[in-house]
Amino acid sequence: MSYCFHAFCVTVARMFLVKRVVCVRGIVWLQCTSLPLRNFSACHRLGSPKRRSPYSSEDSERYSSLVRSVASCRVSSQTPETLRAEDELVYGRVVKAAMPSTKPQTREPTRLHPFSLSQKTTDTQEPESEPPVRIVLNRGQGGSSAPSVTRILQQTLSPEQTFYLERWKRRMIEELGEDGFKEYSQKLFSQGKLFHSTVDALLTSSATGTDEHPLCLSEVQGYMESISHVLEDVSAVRAIESTVKHDTLNYLGIVDCVARYRGVLCVIDWKTSEKPKPFLSNTYDNPIQVAAYAGALNDDGNYKYQVDHGLIVVAYKDGSPAHAHQLSSELMLQYWKTWLLRLEKFTVQRSCDTSTALSEKR
DNA sequence: GGATCCTTCTTCTTCTTC
């Protein structure tokens with residue numbers, strides 16, 4: 001078989017001006033002088049009918065059966081050792097990333113109540129004709145030291161998330177330079193902020209019945225067009241950019257919006273994205289963020305109603321239709337459990353940091 | 001007035017053929 005394979009390689013190399021032949025997991029890869037690395041079937045198809053070469057008179061049928069013969073023996077001819085050697089040849093040595101292999105925590109969190117056992121009920125209806133609430137965060141008064149949802153999520157990212165984020169950042173800096181990357185990040189943030197304030201202004205003006213049209217700069221025009229079909233299904237806006245606080249669990253956050261979406265009361269989070277996010281899994285920690293806000297809102301005495309559902313709306317700058325990911329109460333409960341684990345992780349980290357700082361002082 | 005806080009984003013392999 002090895003003699004047969006060698007003869008095959010030599011013939012093909014002559015036919016297609018091959019520079020390099022590599023066999024990876026039973027698939028023969030050919031690097032031609034005029035073509036990028038391609039697998040044999042592609043190369044063969046490109047070469048035989050269209051390309052005129054001194055070898056065009058060769059019997060292509062004969063070689064195609066030879067390929068089938070080579071491919072058919074791929075399982076028996078390979079061992080873990082040869083696979084490793086081939087991987088090393090093609091991809092280079094494996095460089096282990098610094099990713100601690102901590103297994104995800106599987107233990108059940110202790111508090112699971114925010115959507116099922118809240119004192120409030122969905123029957124408690126506030127007059128929906130009233131203007132939306134906007135509780136402004138005031139850190140100065142009351143001396144609240146509660147950490148925010150964003151901070152907790154940022155500081156409890158999984159090792160995998162941290163790894164991919166850092167890799168992305170490193171690549172971006174390589175491409176744009178330090179200053180270019182800073183500028184790029186600032187632009188993303190400012191676009192997001194502007195988009196949020198425009199949506200807020202639009203919802204406020206429509207909820208209060210004022211005719212004032214919100215300022216719609218060309219910078220966010222595409223985003224607004226993107227969410228237009230979602231806004232058609234939004235009604236009874238109850239809160240906009242409003243602070244929610246969980247006194248028992250001691251954290252706070254600012255909800256983008258609380259409103260009815262297709263008749264269901266939801267915590268709504270508006271997002272901008274450069275990449276399409278058609279699936280909920282594309283939104284990373286966003287569902288946890290929404291569940292954390294809803295849990296806080298249900299515990300917060302400033303809000304007399306309960307919210308069991310969530311909505312993440314991902315808007316696109318080019319105006320293509322936004323993706324609206326609705327979270328059922330069951331999903332919200334699942335994400336709430338994840339949130340509690342993240343919160344606990346944050347608390348443990350913080351107490352460790354505090355004790356370390358104290359011992360360093362002494 | 002300055003410092004700090006809450007947000008705003010960023011991640012998941014990548015290519016081919018039909």
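Every chain is numbered from 1, with letters handed out A, B, ... down the list of sequences.
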Looking at residues at least two apart in the chain, or sitting in another chain, which of them share a side chain to side chain donor-acceptor pair (under 3.5 Å) with [X]?
X	answer
A:T347	none
A:K271	A:D269, A:Q289
A:E330	A:S328

Nucleotide N/O of nucleotides 7-11 of chain B paired with protein N/O under 3.5 Å:
| unit_1 | atom_1 | unit_2 | atom_2 | d |
| --- | --- | --- | --- | --- |
| B:dT7 | OP1 | A:I254 | N | 2.6 |
| B:dT7 | OP1 | A:Y293 | OH | 3.2 |
| B:dT7 | OP2 | A:S148 | OG | 3.4 |
| B:dT7 | OP2 | A:T150 | N | 3.4 |
| B:dT7 | OP2 | A:T150 | OG1 | 2.5 |
| B:dT8 | OP2 | A:Q289 | NE2 | 3.3 |
| B:dC9 | OP1 | A:T272 | N | 2.6 |
| B:dC9 | OP1 | A:T272 | OG1 | 2.8 |
| B:dC9 | O5' | A:T272 | OG1 | 3.2 |
| B:dC9 | N4 | A:Q154 | NE2 | 2.8 |
| B:dT10 | OP1 | A:E274 | N | 3.1 |
| B:dT10 | OP2 | A:K277 | NZ | 3.2 |
| B:dT11 | OP1 | A:K275 | NZ | 2.9 |

Task: Shared-cluster residues of A:L188, by chain and number - hydrophobic side chains joined below 4.5 Å - done: A:W168, A:M172, A:I173, A:L176, A:F181, A:Y184
Side-chain donor-acceptor contacts of residues 224-235 of chain A below 3.5 Å, not counting sequence neighbours, with atom names and distances?
| unit_1 | atom_1 | unit_2 | atom_2 | d |
| --- | --- | --- | --- | --- |
| A:S226 | OG | A:Y316 | N | 3.1 |
| A:S226 | OG | A:S320 | O | 2.7 |
| A:S226 | OG | A:A322 | N | 3.2 |
| A:S228 | OG | A:E225 | O | 2.7 |
| A:H229 | ND1 | A:S226 | O | 3.2 |
| A:H229 | NE2 | A:A322 | O | 3.2 |
| A:D233 | OD2 | A:R262 | NE | 3.1 |
| A:D233 | OD2 | A:R262 | NH2 | 3.4 |

